[in-house]
Amino acid sequence: MALTNTECSVLAGLLFPDVKETREDLEKRFPERDLGEGACVTRIAPSPTGFVHFGNLFPALTSERLAHQSGGVFYLRIEDTDALREVEGAVEIIINSFKYYGLNFDEGATIDGDFGSYGPYRQSQRAPIYHVFAKELVEKGLAYPCFCSKEELEAIREQQEKQKLLPGYYGEWAKFRDAPLDEVKARVEAGEKWVLRLRSPGKPGGRIRVDDVIKGKLELDENYDDKVLLKSDGIPTYHFAHAVDDHLMRTTHVVRGEEWLSSLPFHVQLFELLGFRMPRYVHIAQLMKLDGVSKRKLSKRHDPEAALSFYEAKGYPADSVREYVMTLLNSNFEEWRAQNPGADIDGFKFTTEKMSSSGSLFDLKKLEDVSKNTVAAFDADKVLSLVLDWSKTHDEELFALLGRDREFSRGIFAIGRGGEKPRKDLASWDEVREYAGFFFDELFSLRDPFPENVSPDDAKAILSGFISGYDPSDDQTAWFSKITDLSVANGFAAKIKEYKKDPSAYKGHVGDVSMVLRVAGTGKRNSPDMYEVMRLLGRDKVAGRVKAALEVL
Ligand code: GLU
């Protein structure tokens, strides 16, 4: 038999003797936000486990765009109700990771505390708030304490499994659902541990309908389980905290991963029973990865690229990662980017209608391409400053070299940049050492062989001829015509076309001659424009490298 109204009030007082506030007090303390029509209030609500999944960027960017495009509020709530999973310094990791991607919160947890008038924004500091609603549910006969031990619950689970019954704490299995007040009172007064359970009005087999912004109209199994609302230490479960917090913080759109869909019926039920207005739910499809021919979830355990820290460590610029995530989030983004190269990404009109309801495919190769395009649009100063930022913590030697002569370093990144067709060499800053290390004697070495079809004697002749005629003040045309002359003088065709017409008439062509110079000057067969490279290196360095090459040939 369920308790009477009076008994419920007695029970509520017994369980929550310290709760003096009421729902009305809280509603007053956290009033409806005074925002314009259509303004979205969104949040991200990570748990401080020390690990931020790359996939978290998807709800984060979606939430940020929805809020900031509509003149709303984007805030950060820390879901630290599970002390066991919490890791020291994790809140800082979360805040810094999102900041790196330009996700700026209007309110919420910050490293120095909380900012905003809807806090505290850390669930561990909100126990008194949850207890107000917990008490109210008990008063209304919608929640009750359960004294079952772990072992008892385990036994129930085993029985249900054996009898092939639905799992959970419901019906005849819900031992304390209708426990008489006297018994409950005696147990509480004896100091027995209890958890607070919802008195679920749902029935097995019942169905509910929910409209999800991305998934559309859903029909789901109703929650029949008397699920736990407060754990025995008085800390709420995620579900209960979600309902209370998103209500009091006046969230309009709950954007989260689709792994939460299975809890949605419980959440809908909680909002209804608590008399809260339902937020819109925006469940984002999981990030998948192609593994052979099959798709699977991008996994924290198996894929290093699942960690958000992976991108920062490799030095993918935040702009590139945002661009890439946006290409996966909104199917029309790439088209917009093609029409608006160089435009600020926030100029793109993000919409939930263009989001896919099935999993997006993660592709590192695609990220690299996107990043190359993104970096190609940066100016040299921006590249230098980002490379310096990155190398400071990830490549100290490079950092010191680049910092030695900033004008020179800026020159490195200016090569091939800024024109109609900028070079697309760099996707991440960990490639800079390979791309540009040769500019510094400390990192220069003759790594690649000279072209096999040029004999050492010819290579020597080419190098000597080049250096004796080298004038750093030559313009590109003069420079190149000297190389053409040098080719002809040494029996190489001045044009590749001529060589192809009659290969036996030449030792090779102008490309081979340039390659000799390239290897001598950069140590590599692949480098940015040699004319620019040599101008930046300067006469002395070029001469020194040519001399060194002559010695080893
Ligand atoms: N704390 C949950 C998580 O880390 C948040 C889910 C939500 O956004 O509501 O996944």
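Just so you know, ligand 1 is whichever comes first in the structure, and atom 1 is the first atom listed for that ligand. As the structure is a prediction and not an experimental result, all values here were calculated from the model.
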Do you see a donor-acceptor pair shorter than 3.5 Å between the side chains of Asp369 and Tyr324? no
Just checking, is any N or O donor in the side chain of Tyr130 or Asp245 under 3.5 Å from an acceptor N or O on the other one? yes
Asp291 versus His302, side-chain donor and acceptor atoms under 3.5 Å: no
Using a 4.0 Å cut-off to any heavy atom of Arg256, which atoms of ligand 1 qualify? 7 (C), 8 (O), 9 (O)
How far is atom 5 (C) of ligand 1 from its nearest protein heavy atom, and which residue and atom is that? Ala45 O, 3.1 Å
Has Arg187 got its NZ or CZ under 6.0 Å from the middle of the six-membered ring of Phe147, at an angle within 45 degrees of the ring axis? yes
Compute whether any side-chain donor of one residue and acceptor of the other, for Asp80 and Gln123, lie under 3.5 angstrom apart. no
Ligand 1 versus His242: contacting region, heavy-atom distance under 4.0 Å: neither
For ligand 1, which atoms sit closer than 4.0 Å to a heavy atom of Ser47? 1 (N), 4 (O)
What is the nearest protein non-hydrogen atom to atom 8 (O) of ligand 1, stated with its residue, atom name and distance? Arg43 NH1, 2.8 Å
When you compare the side chains of Ser391 and Glu396, does any donor N or O come within less than 3.5 Å of an acceptor on the partner? no
among protein heavy atoms, the one nearest atom 9 (O) of ligand 1 is Tyr238 OH, 2.4 Å
Would you check whether Glu259 reaches within less than 4.0 Å of ligand 1, judged by its heavy atoms? no
Just which atoms of ligand 1 are under 4.0 Å from any heavy atom in Glu79? 1 (N), 2 (C), 5 (C)
